[in-house]
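Remember, it's a predicted structure, so these values are computed and weren't measured experimentally. Naming convention: chains lettered A, B, ... in sequence-line order (proteins, then strands); numbering from 1 in each chain.
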Amino acid sequence: MVHMGHIKIMEITIDIDDPVPLFAQLIEQIKKAVLSDKIGPGDALPSIRQLANDLELNSKTVAKAYRLLERDSVIQTKGYRGTFIHPDAKSNSTVDLNEWVMTKLNEMITTFRESGVTDSEIRIAFGNAMNNRGN
Amino acid sequence: MIDNILFYPIFLSQILLINFYFSKKLVDRAERIFKKYPPSKYPKLYPKLVKPEGKRHQSFNLINRIVLVLGLILLIAIGVWENSSEEQFPKVIPVLFGLLQFSPFILMEISCFKRFKQMREANSSTTRKAELQPRRLQDFVSPTLIGIAIFMYVASVLFDLYVHDFVIQWGHDTVQRAFILLMSNLFLIGIIIWNLRGKKLNPYQKNKDRFRQIKISVSSLVLLSITMSLYFAVVAAGDKFDIESFEPSIASLYFQLIAFISIGTMVQEASMEETDFEVYREDVSTT
């Protein structure tokens, strides 16, 4: 946290060489800032353009991170007024949808294997399901 | 004539202030930085010395000296004109010369942009930092000052219209002035937005230094807007109150004020002392 006169500035860092996708790094950093009370409900976030310029990223990357954070109710967009931290951001930041998806998939794969389905059959079925060709 | 007697010292002050005093201050500051933070210890500050630092300063000094000599010649020429002619010298001359005076500083700014580009190209760091807070205008300049700038703009246009009996005709001085003032203010607004939202030019600059730099730039741009409105109002008053003969002196004072606001902020001693130069060391991780 950097102090600039009366303004407290919270900084985030991303590593462009990190194998974790840039949008995921952004999501993680913002959630961490919420969980550590460095930013709280109602605090304004920088615009997509500002953050993209500062981090030398494509605007689409930042937009994707914001979209996913909004889906998880960690942030909320109030039209032209900008983007703000959601009132329930702290509790919603602990929910990791990726982890939940992985848990569910693991459970399902275990059930399939126990029923004798081979890994290649699971892959084909999964591919078909993702492409909506399962029916 | 009193207006001409006043003009000579004012115009001389314009020549010396911009192309001697401020240019010297700027070069002195750059040389102090070069001595205190040499390329051997702070290589990131000097990414690619296409021209040796000393030569860059020499070129800047040379252009300033040429403009200074031209100004002195112009001053003598105006004196000769006034003594040998019934007519007053063209009022546009101090304005045109004022624009010429700023050219070395504009070239210096372009050179700074090139240096920042080289810095970005040379920056091998894979980490990027950003502040998680929007940069809003009111964080950098007081709402009162913004209010004064808006009021001065509206007041200047209305005053001009009042002086000319609210005659609105395309091509009329009032409309031209209002248009120029509007375009100039839009240009300043564009630079302010670019300062607030634009790309980070210096990849090594700490956020607190960037914050201070934006604050200085935005404040001076708002002050420039106020100065422009004031000048245009005075020029409009010239049509009504018969002070047209003072216009060259007023234009000269206007340029000096603009120089004071724009170049004056560039050479602030305090900003150099507060700036974190350690980020330019070889062994320091970048921001």
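Of the possible polar contacts, none joining the A:E56 side chain to the B:P203 backbone as a donor-acceptor pair under 3.5 Å is found. Side-chain atoms of B:Q133 never come within 3.5 Å of backbone atoms of A:P46 as a donor-acceptor pair (strictly under, hydrogens ignored).
Residue-environment remark: CZ (A:F112) stays at or below the threshold of 12 foreign heavy atoms within 6.0 Å. Annotation for A:F84: atom CZ counts as buried by contact number, over 12 foreign heavy atoms lying within 6.0 Å. Crowding of A:R71 atom CZ: a count of heavy atoms from other residues, nucleotides or ligands under 6.0 Å exceeding 12. Heavy atoms from other residues, nucleotides or ligands lying under 6.0 Å from OH of B:Y37 number more than 12.
Looking at every heavy atom in both residues, A:I16 comes nearest to B:R128 through CD1-NH2, 3.6 Å. Here the closest heavy-atom approach between residue B:R197 and residue A:S47 is recorded as CD-OG, 3.9 Å. The nearest pair of heavy atoms linking A:E11 to B:N207 is OE2-ND2, 2.6 Å. Here the shortest heavy-atom pairing between A:A44 and B:P134 reads O-CD, 3.4 Å.
The structure places CZ of B:R136 at 10.0 Å from CD of A:Q50, a figure rounded to the nearest 0.5 Å. Between atom OG1 of residue B:T127 and atom CG of residue A:D18 there is a gap of 11.0 Å, rounded to the nearest 0.5 Å. Between the CD atom of B:E131 and the CE atom of A:M10 there is a distance of 11.5 Å, given to the nearest 0.5 Å.
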Working for side chain to side chain donor-acceptor pair (under 3.5 Å), residues A:D15 and B:T126
CA-CA 5 Å; A:D15 188 344; B:T126 59; 2.8 Å; yes

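When heavy atoms are compared at a cutoff of 4.5 Å, A:A33 approaches chain B solely by way of its side chain, counted from C-beta outward.
Look at A:D54 and B:R210 and you find a salt bridge, because one of the NZ, NE, NH1 or NH2 atoms lies within 4.0 Å of a carboxylate O, short of that distance.
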